[in-house]
Every structure is written in C-alpha cells, then in structure tokens.
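As structure tokens, the structure follows; a few thoughts come after it.
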There are 2 protein chains.
Amino acid sequence: MADFDTLKERLEQHLARHGLKHTRQREAILRVFAGTREHLSLDELLRRVQREMPGVGYATVYRTMKLFTAAGVAHERRFGDGQTRYEPVAVDDEHHDHLICVRCGRIYEFDDALIERRQVEIARERGMRIVSHRHDIWVICCGGEE
Amino acid sequence: MADFDTLKERLEQHLARHGLKHTRQREAILRVFAGTREHLSLDELLRRVQREMPGVGYATVYRTMKLFTAAGVAHERRFGDGQTRYEPVAVDDEHHDHLICVRCGRIYEFDDALIERRQVEIARERGMRIVSHRHDIWVICCGGEE
DNA sequence: GTCCGTGCAAATAGTTTGCAGGACC
DNA sequence: GGTCCTGCAAACTATTTGCACGGAC
C-alpha cells in the first residue's frame with residue numbers, strides 16, 4: 001500500500017504549482033486510491049469513492065485520475081481488457097512490470113534488473129533513447145483452478 | 001514483408017478446417033495485408049483494400065482481421081494510442097517485441113534471447129506458466145527531428 | 001469576486017453486432 | 001439450395017467534453 005501522506009504531499013505540490021485547488025472530492029479519491037495495492041478501473045474506483053462520498057460523479061473520478069497521473073501520484077495501465085486501470089505510484093517511485101493471470105485476473109508485479117539493463121542496451125545499440133516501457137506477461141498463476 | 005503464399009496456405013487450412021469459405025474480399029485483404037511490414041490500423045487497412053476493391057466495408061475488414069488472427073496469419077497489437085493494429089505473422093513464426101518512437105510513430109521490432117529467457121525464469125520462480133507477453137519500449141528514435 | 005471544480009448529460013471514438021441480400025461450394 | 005459472407009446501419013463500451021451551478025481561495 002502506498003503511503004497516503006507522501007502521495008498527498010506530492011499532489012499538493014502539483015496543485016500549488018499549477019494554481020489548482022484542493023477539494024473534498026480530490027481528498028476523498030486520493031484516500032481511497034492510496035489505500036489499495038490493486039489495479040483499479042474507473043468503475044471500481046468510483047464505486048469505492050461513492051461509499052464514503054455518495055454523489056461523486058464518474059467524470060470527477062475520471063478527471064481526477066488524469067490529474068493524479070500528471071501529478072506523479074498514479075500510473076495509468078492498460079492490460080488489454082478494454083479497461084484503463086490506475087495504480088498508486090510507489091513512494092520510492094521504483095518501476096515495476098506486471099504478470100497478469102489469464103484465469104483469475106490477478107495482477108502481480110515484478111522488477112528485474114537484468115531485463116531493465118538489457119533494454120537500455122537494446123535502445124542504445126540503435127541510437128534510441130528510452131522514454132518509457134511496459135512489459136506484461138500473461139500467465140496462469142493458480143495451476144488451473146480459480 | 002511476410003510471404004503471401006505461406007500466409008495464404010495457412011489461411012486456407014484454417015478455412016477448410018472450420019467449414020468457412022474463400023471469398024474475393026478475404027483474398028484481397030490478405031494480399032494487401034501480407035504486402036506490408038507496417039503495423040496497420042483497421043482504418044489504414046480498409047483504405048488500402050478499397051483502393052483495389054472499392055465497396056468493401058469496415059465491418060468486413062474488421063471481421064476478416066479477427067479471422068486472420070484466429071488463423072495464425074495476423075497478430076493483434078495495441079500500443080495505447082487507442083487503435084488496434086495488425087501485423088502479419090512472420091513465416092517462421094518467430095516472436096518479437098516493439099520499440100515505438102513517441103515522436104514519429106514509427107514502430108521497430110526487437111527480439112532478445114536474454115530477456116526471453118529471463119522472463120521464463122521469473123514466471124517459473126513463482127510457479128506460474130507463461131501464456132504470452134508483450135514488451136513495448138517507447139523511445140525517441142530520430143534524435144528529436146521527425 | 002474570480003477562477004476552478006463538479007455533476008450531469010451529451011458527444012466522441014473505436015469496436016462489435018443484427019439483419020437482409022448476395023456469394024460460395 | 002443451404003450455408004456462410006458482406007455491407008449497411010445501429011448498438012455498445014469506454015472515454016472525453018460542454019455547460020451551468022457550486023465551492024475554494
């Protein structure tokens with residue numbers, strides 16, 4: 001679970017720097033969002049936020065997650081199921097990639113120094129500079145049963 | 001460029017095995033599709049097919065590409081720009097991953113034995129079996145200019 | 001008071017599907 | 001001739017935007 005206070009501070013800085021405002025909705029969404037390690041879709045996030053603040057609209061959550069992404073508080077992920085998911089940025093901002101179980105839908109994280117290093121070499125060999133990457137591995141994690 | 005005859009044969013086998021039919025449209029779409037190494041979106045593909053067979057509809061190309069994917073003739077790719085792209089399966093069926101230039105949009109391919117091997121280890125260490133994967137690296141390929 | 005944010009509803013974009021007529025074997 | 005295929009148009013899904021009102025500073 002990401003550290004709420006750290007994310008909040010990061011968000012406040014972004015708001016201040018861009019002349020944006022602190023609102024009850026943004027606070028509530030951040031609290032819900034920071035309180036999970038799952039990769040939540042907007043619908044799931046909306047549902048959870050509405051539990052502690054009914055009346056919040058989809059568009060607000062949508063725009064807030066774009067804001068969080070710009071503020072370096074959230075990562076946007078698309079795993080190809082047609083849903084955009086959001087994940088709190090780790091406090092140390094360490095990168096990681098994903099293992100997705102095609103049976104149960106669970107999402108695991110991995111980070112491998114060897115692969116990271118090799119990527120940089122591959123780009124360098126071609127005279128390219130890496131901007132970002134994603135490395136998703138679809139697996140069966142549970143031996144066949146849910 | 002993928003070998004048209006090889007892809008055609010692979011498609012014919014799939015059609016025969018599933019009681020499906022050979023049509024002029026499918027032939028035309030395969031010809032256009034096999035004749036490129038680019039990663040074409042449906043719109044681009046449709047436009048090209050219509051040049052040699054006007055009147056072909058979007059839905060036909062759409063369904064045909066799903067068919068090609070099932071037949072092992074095309075790979076479906078999503079690079080996060082909101083467009084599904086299709087790429088001919090290489091004759092030797094070798095896997096590869098992608099480098100995408102965020103400036104000019106060009107898509108390059110790479111294949112790295114070290115990374116491939118490492119992935120398998122990562123999954124095995126966790127008792128998972130790999131189903132598939134994608135590894136996309138966004139880069140600046142052109143030193144800043146288009 | 002001003003500007004930004006919210007919630008609603010409508011617009012958009014890409015994809016998917018139902019159906020009537022046409023093509024394939 | 002029966003079945004599959006096509007092209008059109010409509011439905012769907014997720015996302016994005018316009019706007020009038022409300023809230024933050």
Side-chain angles (χ1 to χ4, degrees), chain A residues 8 11-33 39-47 49-71 73-86, chain B residues 8 11-33 39-47 49-71 73-86:
Chain A
K8 176 162 178 176
L11 177 60
E12 300 292 357
Q13 278 182 17
H14 181 87
L15 295 178
R17 222 192 312 274
H18 292 81
L20 305 176
K21 290 169 182 170
H22 180 103
T23 65
R24 291 178 307 116
Q25 286 88 339
R26 286 172 180 171
E27 173 96 14
I29 294 169
L30 183 64
R31 196 187 336 277
V32 169
F33 178 61
H39 296 68
L40 298 178
S41 66
L42 282 177
D43 281 326
E44 293 161 341
L45 206 42
L46 176 63
R47 222 171 309 126
V49 172
Q50 286 182 332
R51 282 209 288 264
E52 61 172 79
M53 186 185 269
V56 173
Y58 180 94
T60 299
V61 177
Y62 166 78
R63 283 185 278 229
T64 299
M65 294 319 294
K66 291 287 180 200
L67 170 69
F68 283 8
T69 303
V73 163
H75 282 304
E76 235 179 51
R77 308 282 186 202
R78 262 175 278 258
F79 296 118
D81 63 346
Q83 293 259 280
T84 300
R85 293 169 184 284
Y86 291 89
Chain B
K8 178 164 177 174
L11 177 59
E12 299 293 357
Q13 277 182 19
H14 180 87
L15 295 178
R17 221 192 312 275
H18 293 82
L20 305 176
K21 290 169 183 171
H22 181 102
T23 65
R24 290 177 310 115
Q25 286 88 339
R26 286 174 181 171
E27 173 97 15
I29 294 168
L30 184 64
R31 197 188 336 278
V32 169
F33 177 62
H39 296 67
L40 299 178
S41 67
L42 282 178
D43 282 325
E44 293 160 342
L45 205 42
L46 175 64
R47 223 173 307 127
V49 172
Q50 286 181 331
R51 282 211 288 265
E52 62 171 79
M53 186 185 269
V56 173
Y58 181 93
T60 299
V61 176
Y62 166 79
R63 282 185 280 227
T64 299
M65 294 318 295
K66 291 287 179 200
L67 170 69
F68 283 8
T69 303
V73 162
H75 282 306
E76 235 178 51
R77 308 281 186 204
R78 263 174 278 255
F79 295 118
D81 63 346
Q83 293 257 281
T84 300
R85 293 169 185 282
Y86 291 90

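Every chain is numbered from 1, with letters handed out A, B, ... down the list of sequences. The shown structure was predicted, so the numbers you read here are calculated from the model rather than taken from an experiment. Only this structure's heavy atoms are used, side chains among them; waters, hydrogens and symmetry mates stay out.
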Side chain of [X] only, heavy atoms from C-beta on: which candidate in [options] is closest?
X       : options                : value
B:Arg26 : C:dG7, D:dT6, D:dT15   : D:dT6
A:Val56 : C:dG7, C:dC24, D:dA14  : C:dG7
B:Ala59 : D:dA24, C:dT17, C:dT6  : C:dT17
B:Lys21 : D:dA24, D:dT3, D:dT15  : D:dT3
A:Lys66 : D:dT16, D:dA24, C:dG14 : D:dT16
B:Thr23 : D:dC5, C:dT17, C:dG5   : D:dC5

Can you tell me how far the [atom1] atom of [X] sits from the [atom2] atom of [Y], to the nearest 0.5 Å?
X       : Y       : atom1 : atom2 : answer
A:Glu44 : A:Arg85 : CD    : CZ    : 5.0 Å
B:Gln13 : B:Leu11 : CD    : CG    : 10.0 Å
A:Arg63 : A:Gln25 : CZ    : CD    : 11.5 Å

**base_contact_polar (D:dG7 base, B:Arg63 side chain, donor-acceptor, <3.5 Å)** =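 Yes, the side chain and the base share a sub-3.5 Å donor-acceptor pair.
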**Message:** Check the phosphate of C:dC24 against B:Arg24, side-chain N and O only, distance under 4.0 Å to OP1 or OP2. Yes or no?
**Reply:** yes
**Asked** Does B:Tyr62 put a side-chain nitrogen or oxygen below 4.0 Å from OP1 or OP2 of C:dT16?
**Response**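 It does, given that an N or O in the side chain of B:Tyr62 lies less than 4.0 Å from OP1 or OP2 of C:dT16.
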Atom [atom1] of [X] and atom [atom2] of [N]: how far apart are they, to the nearest Å?
X       : N      : atom1 : atom2 : answer
A:Arg78 : C:dT15 : CZ    : C1'   : 15 Å
B:Leu40 : C:dG14 : CG    : P     : 16 Å
B:Asp81 : C:dT15 : CG    : C1'   : 14 Å
B:Ile29 : D:dC5  : CD1   : C1'   : 11 Å
B:Leu46 : D:dT6  : CG    : C1'   : 13 Å
A:Leu45 : D:dA14 : CG    : C1'   : 15 Å
B:Gln25 : C:dG22 : CD    : C1'   : 10 Å
A:Tyr58 : D:dA14 : OH    : C1'   : 6 Å

**Request:** Report the residue (B:Glu76 or A:Leu15) whose heavy-atom-nearest nucleotide on DNA chain C is the more 5′ of the two.
**Result:** A:Leu15
**Request:** Select from A:Gly57 and B:Leu42 the residue whose nearest nucleotide in DNA chain C is closer to the 5' end of that strand.
**Result:** A:Gly57
**Request:** Mind telling me whether B:Phe33 and B:Phe68 have parallel, tilted or perpendicular rings, with 30° and 60° as the class edges?
**Result:** tilted
**Request:** From the options B:His39, B:Arg77, B:Glu76, select the one residue that forms a side chain to side chain donor-acceptor pair (under 3.5 Å) with B:Tyr86.
**Result:** B:Glu76
